[in-house]
Engineer: 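One structure follows; several queries about it will come next.
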Amino acid sequence: MDFQLSQQHRFIRQMMKKFTDNEVKPIAAETDRTSTYPAETIDKLFDLGVMGMCVPESYGGAGADPLASAIAIEELSKQCASTGDIVATHNGLCCDPIMTYGTDEQKAKYLPMLTKGRKVGAFALTEPNAGSDASKGVTNAKLAGDHWVLNGSKIFITNGYVAEVFVVFAMTDRTKGTRGISAFIVEKDFPGFSVGKHEVKMGLHGSPTAEIVFQDCIVPKENLLGELGKGFKIAMATLDGGRIGIAAQALGIAEGALEEAIAYTKGRVQFGKPIAKFQNTQFTLADMELGCEAGRLLTYQAAIAKAEGRRYTKEAAMAKLFCSEHAMKTTTKALQMFGGYGYTNDYPMERMMRDAKITEIYEGTSEVQRIVISGNMGL
Ligand code: CAA
């Protein structure tokens, strides 16, 4: 068992750290304050080959492995969790299922679009009455000659109003339950597709979240992704991978908050000495460091299992659950160390705390992760 990152992964971390320090950190507060999609940063991430980085080179990607993608998301999220989220969704929830389940024709058409073509991708599963109980969506798809007709709507779609390619789940046979759900590749320009409500959120202000609507939306027959009726399995397996991305995002938030807390407590003098010299501060920082190390091991373990083609459902759920709860604890305690300053937007702590919260909710709540973990323990 080797606990060292390879030279290649260390290089990716250095590259991403440099990029994040130069391009992401300077605009992170403003991105949050103005709720602006960081379009220029995403363009630069396309230039750098990070958007769609796991896509094979033959389809315009960098041919990187899931650990490289996790490291990239982790580094970005240290300074801006919104940027980490946009990349995680694009890579894990759109490129990945097309790579895994797409036909040669689908891969040849869509993967170059999602890499060199600079089109952002999204994943559309959640509906107003189908959140944690993901199989209860009512969006349906009916075959009509050479095309499918989709009707319904999806909510809370990350990248919703900037994405051009969507992996969408719809009922093709209501009588078959989870086996009656199918997956489709939908382009934003298909007739009958529209973007609905833009969500105003507590955090992740730079990450564009929206409703998407299908009104007699015409989808070519050949855009069925994977086999008919296999959509739910595709959604679940895709979310296994997506959860590694959210684990990495949450880990990055916790690491970023820890870095800020160390710098602040070393400089902040109260009662005649830096507050980092108080044992209470030191013990709290030690717990944060411990959680980050454990979270890194869980996240990288899941990513390596995915790279090696092993089943990693439980590993991904454990990484996501642990890192998201650690991010919430760390940002809350770090903010406390900043006292009143932490509660203002002069410092990044309040943003980090708001951003951390969503990691306990999306791509499966903490409760869903516990369902998945316990469901894979042979109980
Ligand atoms: N991989 C492959 N197949 C899987 C699987 C996995 N990880 N998990 C389940 N399946 C299969 C099962 O084997 C079963 O197959 P069979 O029909 O052949 O038996 C089928 O799927 C149904 O499985 P379950 O009975 O376990 O399904 P369930 O309805 O009880 O659901 C659940 C279980 C874990 C709660 C699931 O609904 C779930 O994960 N819910 C959370 C959904 C979620 O994460 N949503 C987030 C959406 S995306 C987002 O938030 C961000 C964004 O930007 C869009």
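We count ligands from 1, going down the list as the structure has it; atoms in each ligand are counted the same way. Starting from 1, each residue takes its place in the sequence as its number. When reading the values below, keep in mind they use all heavy atoms of this one structure, side chains included, and skip hydrogens, waters and symmetry mates.
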Engineer: Does Y362, backbone or side chain, put an N or O under 3.5 Å from an N or O of ligand 1?
Structural biologist: no
Engineer: Any protein heavy atom lying closer than 4.0 Å to atom 26 (O) of ligand 1?
Structural biologist: no
Engineer: For ligand 1, find out whether one of its N or O atoms is nearer than 3.5 Å to an N or O atom of R179.
Structural biologist: yes
Engineer: Within the 4.0 Å heavy-atom shell around F156, which atoms of ligand 1 are there?
Structural biologist: 52 (C), 53 (O), 54 (C)
Engineer: Please report whether atom 36 (C) of ligand 1 has a protein non-hydrogen atom at a separation of less than 4.0 Å.
Structural biologist: yes
Engineer: Under 4.0 Å from atom 16 (P) of ligand 1, is there any protein heavy atom?
Structural biologist: yes
Engineer: Does F232, backbone or side chain, put an N or O under 3.5 Å from an N or O of ligand 1?
Structural biologist: no
Engineer: If the condition is side-chain contact (heavy atoms from CB on, under 4.5 Å), which residues does L48 pass it with, not counting sequence neighbours?
Structural biologist: M15, M16, F19, L45, V50
Engineer: Would the distance check show the side chain of Q106 and the main-chain N or O of M99 forming a donor-acceptor pair, the cut-off being under 3.5 Å?
Structural biologist: no
Engineer: Return yes when R311 approaches ligand 1 closer than 4.0 angstrom through a heavy atom, no otherwise.
Structural biologist: yes
Engineer: Suppose we screen for ring-ring contact (aromatic ring centres under 6.0 Å, His included). Which residues come up paired with F193, at least two apart in sequence or across chains?
Structural biologist: F166, F214
Engineer: Relative to each other, are the rings of Y161 and H198 parallel, tilted or perpendicular (30° and 60° limits)?
Structural biologist: parallel
Engineer: Do the non-hydrogen side-chain atoms of T284 and M288 ever get within less than 4.5 Å of each other?
Structural biologist: yes
